[in-house]
Each structure stands twice: as structure tokens, then as C-alpha cells.
Number of protein chains: 2
Amino acid sequence: MPTARFDPALPPEAAPAAEATPAFLPLYRQIKALMLRGLQEGAWRPGELIPSEKDLAARYRVSQGTVRKAVEELAAENLLVRRQGKGTFVATHAEERVQFRFLRLQPDDGQQEPMQRRFIDCERLRASAEVARALLLATGDAVVHVQRVLSFRGSPVVFDDIWLPGALFKDLTAQRLGDYRGPLYGLFESGFGVRMIRADERIRAVAADASAALHLGVDLGAPLLSVERLSFTYGDVPVELRRGLYDTSSHHYRNQLS
Amino acid sequence: MPTARFDPALPPEAAPAAEATPAFLPLYRQIKALMLRGLQEGAWRPGELIPSEKDLAARYRVSQGTVRKAVEELAAENLLVRRQGKGTFVATHAEERVQFRFLRLQPDDGQQEPMQRRFIDCERLRASAEVARALLLATGDAVVHVQRVLSFRGSPVVFDDIWLPGALFKDLTAQRLGDYRGPLYGLFESGFGVRMIRADERIRAVAADASAALHLGVDLGAPLLSVERLSFTYGDVPVELRRGLYDTSSHHYRNQLS
DNA sequence: ACGCATTTGTTCGTATGTATT
DNA sequence: TAATACATACGAACAAATGCG
């Protein structure tokens, strides 16, 4: 694991966070990349305990401190979870107490609490140009389209349209959606081996159309929050496009800036 | 700097990020707290170079590695900025290239770019119950109320209402607002010694009222994004309440989840 | 242009503390 | 109690970036 230095003359701000193949990485980042591959390839599965720092150090032939830096970064990115005295675990959406890592909607008064789900539709169809572009597919490729409503104490609050690559979610049916208990991303993870690790959201205010008005029980034209989410798995591969319409008359989308 | 251990039996998930006075802190966190106080009291001012790790280690009588951990956390919280070869600096809103750390609005096509400002109003008045509660003032206390519009290539996009504690912003006038070049938080920092370090936002979709429709050039009732922001300075003290109405017909609020 | 000093970044090693089983 | 794992703390050395003479 030598620390080679090639990288001739990258412009200071050139690296676009994507690949520029810097040809050089600090040792701990090389270790991090190796561990990332292990996660990606399923060598270590969600919820599992990974080897101890000492074992990892021996395996990669580096000091424990170097492994520690790699693990720290992976933990900071929510890919691993460290527990003093127990070990380091692969993060999972399944048993995770933090159900609301991705859902930022909150009642104006009081805390977040689980909402009731109702699946309206789950069909296989061909990707529109827009959906294909987002998911890096070709127009007309197979996709799964899911519609659902989330309700808070009986009142519908969220109306979601979800598009998934058909190739990855072959056996997804309304049946399986209805049967599964726990967060949707938990099902994707355990049932399809697709783990969401990051997402970008674009938020807008829109007027309710007929469909939204019906499912959310609001007037036609009522202002709704439109949340377009593109979710990624390892390697920045997009694996879910979702558009949620939120009724924010008694809820709000919460965000922390720092 | 002894490492005392009292802390009897805090429930595992009890610490509400606020104060529980754990009565115990690792050494590096004690150092961090001391440095935080230095920042808060103005011993190290925004933009300034702070002492080197070696100096800090000597000053606090700890190892360089311990100082390093403290500095790393402060840098992760955007209070300090580390520059290899140069030193560690106090973060500032002034010269900062990251003008958009707090403004998440982005044109649907293309990158963020500075918007044109127009100040509509700057008046001193008494805090309403709602404003007082947010800013931890008493109803009727003096506050400064600012209204402004941000425009993108000539078109108004953001209509902001801003409330500030009158006691902190004594000499804030429309004149000073208009004269200042650079981000508003830069003026607050250099002109009033108030540095914003964190903010919470509550986002909703609302219908444009007459005032918003006028200033943003949209129809009455048009859907707008309402962004309520409460900004904090050191010690989680709220120092700004802001409500922005965003026209999201060609812009969107961008958020990254991870 | 070159080298030197300074500062942060990386890597190793060792020892000890704290949490869990 | 003992063993294991992560957390903290110290020390040392070298690398990389910067700025100055």
C-alpha cells in the first residue's frame, strides 16, 4: 500500500467530486476505498458487524490509527455505525431507530411519529424521457412506478410518486409493499439488495392538481410542497426517483443549516 | 486539565444536544470548549489566523494531537477553516467564497450566482408575541424589521422579512444596508459583532398574499415557498428571525440528504 | 530559482480509559 | 472478573503546501 505521488498539475478547484482519478490518495483514503468496495460488493452486509480495527489493520497492513481515520469518515457519511465496546456495524435502514433520516416532514406541534401508509398503485411501465434521464436509463426501459399516501393521525399528508429501475426491482409487487413492515428503504435493502446512501432533493411550491387534491383532500389549486428526490446507492448510482407532494398546512419541512 | 468522571446515570439517549451538563468531558472537548469561549468573546475574530497547533498545545498544556481533535471538530462545524501550510482561521461570512452557505435557492438551469438586492424597508418597532418568542425577547421589546427583495437577472425571486433584536443592532439603518457590499451576514459580523453560525429552517408552501404578489410579480394566490429561518450565534442564542417567500417557478430549494 | 522555516496533513507506535459481553 | 472493542491521549517522524529571503 505504498504512498505514490504522481498527480502532475490538477487545477486547484478541478476535482468535481466525481472521478478525476487523482492518482494519489492518502493511505487512509485508499483503505476507505477498499472498505467501500467491500460494502458495495456485499462482503459486509447491512446490519452486520465488520472486523475490529485491529483485524482491519492487520488485513490491510497499516496501523490501527490509519484504519480508524478511514472508519471515521465512513461513519461520518452514515455508511458505518460505531458502538463503543461492541464494534462497528454496517448501517441499515431496517431496524434503524432513525426512521426519519430521509423524511424531513414534521408536525408543526410535537415530534415526528410514524405515519400510516397506503399503497395506491404499483405497476411496471416504460420510462419516460424525464424518468430515464434521472435514473440513467434509456427512454422506454422498464421501470416500476409506485404511488402511495402517508397519513398522519388519519389525515393524508404526503402523496408520493416513486420510480425505480425495473432491472433492479424485478419482483416488486403491491403485495410485497403491503406486507412489509418498516421503512420502504428497509425493504429495498433486504429484499432487493439496493441500499440508499444519499439523496438530492429539489423543493418547490406548486398548486394541487386534480389527482393531488383527491388523494390529499385539499382544494384544487391549494399550495403544496413538491419534493423531488433522486436517491443514490454506492458509486453515486441513482436508483430511485421520487416526487412527493406534501400538504404543509399543519406540517413543515425541517432543515438545519450549518 | 484532569479528566474527572462524575456523570452518574444519564439515560442513553437523554442528552438533547442542549445542556445536560455531563460533568465529564474528554480532554479534547474541554479544549474545544475553551477555544469556543475564545471565539465567543472575540479573542479571535472572524477572518483572523489563530495560533498554530503547536502554540495551542503549549498554551493549554496538552499534546498537539489533542488540540488537533478539538480544532477538527470546530472546523467540521464551520467555525474554523484549516489551510495546509498557512494555518487555521476563524470562519467569516465576509470574504467567504461560499456566499451560498445559507441560501439554498438555485436556478433550475445553471449554477448559483449572486442576486441583486433591493431594500424596501428598515424600521424599528416593538416585537410581536411571535417574534419575541422566537428571539427570546419580551413582547414589546425593540426589534429591527427589514424587508428586501432579491432578484435574479432582473426578476424578483425572494421576498424577505427579517427581524433582529434591537439591542444588538442599534445603528442598523437603511443607509448602512444599502451601502454594504457583500452578504448580509458579513455586515452583521463586521458591523455589529454578531456572527451567525447555525440556522433552523421550516419550509412550507403558501399562497401569495397581496404584498408578496406585488413584490414578486406573481398572481394573488400563486404558490410560494415559505422559508422561516431562525439563526443562532454562539451558545445557541437566536439572533435573527427571517421569513422568506420564494418564487419557485424557475428556481428550486436544494437540499442534500445523507 | 532555490532553499528554508512554518503550518497543517498523514502515518506509525504505545499506553490507558470506557463500554460491552 | 476477564476479554474485547472502540475512545482518548501522548509522542515522534515525515509529507505537502505555503511564504519568505
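In what follows, every chain begins at residue 1, and chains take the letters A, B, ... in the order their sequences are listed.
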(Q) In this structure, how many angstroms lie between the P atom of C/dC12 and the CD1 atom of A/Ile31, rounded? (A) 8 Å
Q | A/His251-A/Tyr246 aromatic ring centre distance below 6.0 Å | A | no
Please tabulate, for the side chains in residues 32-51 of chain A, all donor-acceptor contacts under 3.5 angstrom to protein atoms that are two or more places apart in sequence or on a different chain.
residue	atom	partner	partner atom	Å
A/Lys32	NZ	A/Glu73	OE1	2.9
A/Lys32	NZ	A/Glu77	OE2	2.7
A/Glu48	OE1	A/Arg45	N	3.3

(Q) Hydrogens and angles aside, do B/Thr66 and B/Tyr60 bring a side-chain donor and acceptor to less than 3.5 Å of each other? (A) no
(Q) Over 60° means perpendicular and under 30° means parallel, so tell me whether A/Tyr185 and A/Phe188 are parallel, tilted or perpendicular. (A) tilted
Q.
Using a 4.0 Å cut-off on heavy atoms, which residues in residues 71-82 of chain B reach DNA chain D? List them by number, or say none.
A. none
Q.
Can you measure B/Tyr28 atom OH to C/dG17 atom C1' for me and round it to whole angstrom units?
A. 13 Å
Q. Would you call B/Glu53-B/Arg68 a salt bridge at under 4.0 Å N-O?
A. yes
**Q.** Closest non-hydrogen atom pair between B/Val239 and B/Phe169, with its separation
**A.** O-CE1, 4.1 Å
Q: Scan for salt bridge (Lys or Arg N to Asp or Glu O under 4.0 Å) pairs involving residues 105-116 of chain A, sequence neighbours excluded, and state none if there are none.
A: A/Asp108-B/Arg204, A/Glu113-A/Arg153
Q) Is the phosphate of C/dA19, meaning OP1 or OP2, less than 4.0 Å from a side-chain N or O of A/Arg83? A) no
Q: Taking only the side-chain heavy atoms of B/Lys86 (C-beta and beyond), determine which of D/dT8, C/dT10, D/dG19 contains the nearest atom.
A: D/dG19
Q: Identify whether the distance between the nearest side-chain nitrogen and carboxylate oxygen of B/Asp179 and B/Arg181 falls below 4.0 Å.
A: no
Q.
Using the side-chain heavy atoms of A/Gln84, tell me which of these nucleotides is nearest: D/dA7, C/dT10, D/dT8.
A. D/dA7
Q.
Heavy atoms within less than 4.0 Å of DNA chain D: which residues of residues 48-58 of chain A have one? Give them sorted by number.
A. A/Ser52, A/Glu53
Q.
Whether A/Thr88 contacts D/dA5 is assessed here as follows: a side-chain N or O lying under 4.0 Å from the phosphate OP1 or OP2. Is that the case?
A. no
Q. Tell me: CZ of A/Phe89 to P of D/dA5, nearest whole Å?
A. 11 Å
Q: Give a yes/no answer on whether the side chain of A/Arg68 brings an N or O atom under 4.0 Å of OP1 or OP2 in D/dC6.
A: no
Q: Applying side-chain contact (heavy atoms from CB on, under 4.5 Å), name anything that partners A/Leu257, two or more places apart in sequence or on another chain.
A: A/Asn255, B/Phe102, B/Arg104, B/Ala199, B/Glu201, B/Arg229, B/Tyr253
(Q) How many whole angstroms separate atom NZ of A/Lys32 from atom P of C/dG9? (A) 16 Å
N/O-N/O pairs, protein side and nucleotides 10-14 of chain D side, under 3.5 Å:
residue	atom	partner	partner atom	Å
D/dC10	OP2	B/Ser63	N	3.1
D/dC10	OP2	B/Ser63	OG	3.0
D/dC10	OP2	B/Thr66	OG1	2.3

Q) Is B/Arg82 close enough and on-axis enough to B/Phe89, meaning under 6.0 Å and within 45°, for cation-pi? A) no
**Q.** Spacing of B/Arg29 atom CZ relative to C/dT18 atom P, expressed in whole Å
**A.** 15 Å
(Q) Under a 3.5 Å distance rule, please check whether B/Glu240 uses its side chain to pair with a backbone N or O of B/Pro165 as donor and acceptor. (A) no
